[in-house]
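Here the structure is laid out as structure tokens; the discussion comes afterwards.
Being a predicted model, the structure only gives us computed values, none of them experimental.
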Amino acid sequence: PADPPCPQEHGLDFQRLLDASAYKERFRQDMIRWGEEKRRADPGFFCRAAVQGALQPVWVVSDTRRPSDVQWFRAAYGDAVQTVRVVADEETRKRRNWVFVTGVDDAESECGLDQGVAFDWVITNDGDEVALGEQLEVLVQSLHRSL
């Protein structure tokens, strides 16, 4: 496609863009370019969209991808922000059908938070459901205490 796609602006199937299908991969680089254009014009564009209208005492903002995203939330909400990084080793990711694509998986949108961010929590998700549940329970208990 010639134009960077936004689902609403380009008639794309939003649900199909959420999975790891060939459909998503066909538009992935264009979506990254479109997002970069929006961020260059306004670094807080997507962050503001994520919190618009949110009134709950705890929000989970998933999929922040850049240091500027983390900086925006910390600047806007200070100590109330808890950053959580979910990690899985490369073997686990391959078992989940991940395949490295040069120009996509090494772009800032995919690895911009790999260095330079001190996360409050790091959760390991390598397929051990018990271990994952234990980690999430500790996180949830901490959040409850901070309310």
**Report entry** Interatomic distance, Asp105 atom CG to Cys111 atom SG [nearest 0.5 angstrom]
**Finding:** 8.5 Å
Report task. Would you please name every residue forming a side-chain contact (heavy atoms from CB on, under 4.5 Å) with Ile123, sequence neighbours left out? Result -> Val84, Val86, Leu132, Gln135, Leu136
**Report entry** Pairs involving residues 114-139, ordered by first then second residue, that meet salt bridge (Lys or Arg N to Asp or Glu O under 4.0 Å) (sequence neighbours left out)
**Finding:** Arg85-Asp114
Report task. Count the heavy atoms of every other residue, nucleotide or ligand shown that sit under 6.0 Å from CD of Gln115, and state whether that count exceeds 12. Result -> no
Query - Residue list, side-chain contact (heavy atoms from CB on, under 4.5 Å) with Leu55, at least two apart or on another chain - result: none
Query raised in the report: Can you tell me how far CD of Glu108 sits from CG of Asp106, rounded to the nearest 0.5 angstrom?
Result: 12.0 Å
**Report entry** salt_bridge(Arg33, Glu37) N-O dist < 4.0 Å
**Finding:** no
Requested in this report: Answer yes if Val138 and Val122 sit in the same cluster of Ile, Leu, Val, Met, Phe, Trp and Tyr residues linked by side chain heavy atoms under 4.5 Å apart, and no otherwise.
Outcome: no
Report summary line: Residue pairs passing the ring pair (Phe, Tyr, Trp, His ring centres under 6.0 Å) test with at least one member in residues 37-58, sequence neighbours excluded, are Trp34-Phe46
Report task. Taking all heavy atoms of Arg96 and all of Ala88, pick out the closest pair and write down the distance. Result -> NH1-CB, 3.7 Å
Report summary line: side chain to side chain donor-acceptor pair (under 3.5 Å) pairs touching residues 48-60, sequence neighbours excluded, are Asp42-Arg48
Requested in this report: Taking the side chain as every heavy atom from C-beta outward, state whether Thr83 and Val81 have any pair of such atoms under 4.5 Å apart.
Outcome: yes
Query - Pairing residues for Asp89 by the side-chain hydrogen bond (donor to acceptor under 3.5 Å, both in side chains) criterion, not counting sequence neighbours - result: Thr92
All N/O donor-acceptor pairs, side-chain side in residues 66-75, below 3.5 Å, sequence neighbours left out:
residue	atom	partner	partner atom	Å
Arg66	NE	Glu36	OE2	3.1
Arg66	NH2	Glu36	OE2	2.2
Asp69	OD2	Arg65	N	3.0
Asp69	OD2	Arg66	N	3.3
Arg74	NH2	Ala118	O	3.0

Query raised in the report: What's in the same ILVMFWY side-chain cluster as Trp98, cut-off under 4.5 Å, chained through other members?
Result: Phe100
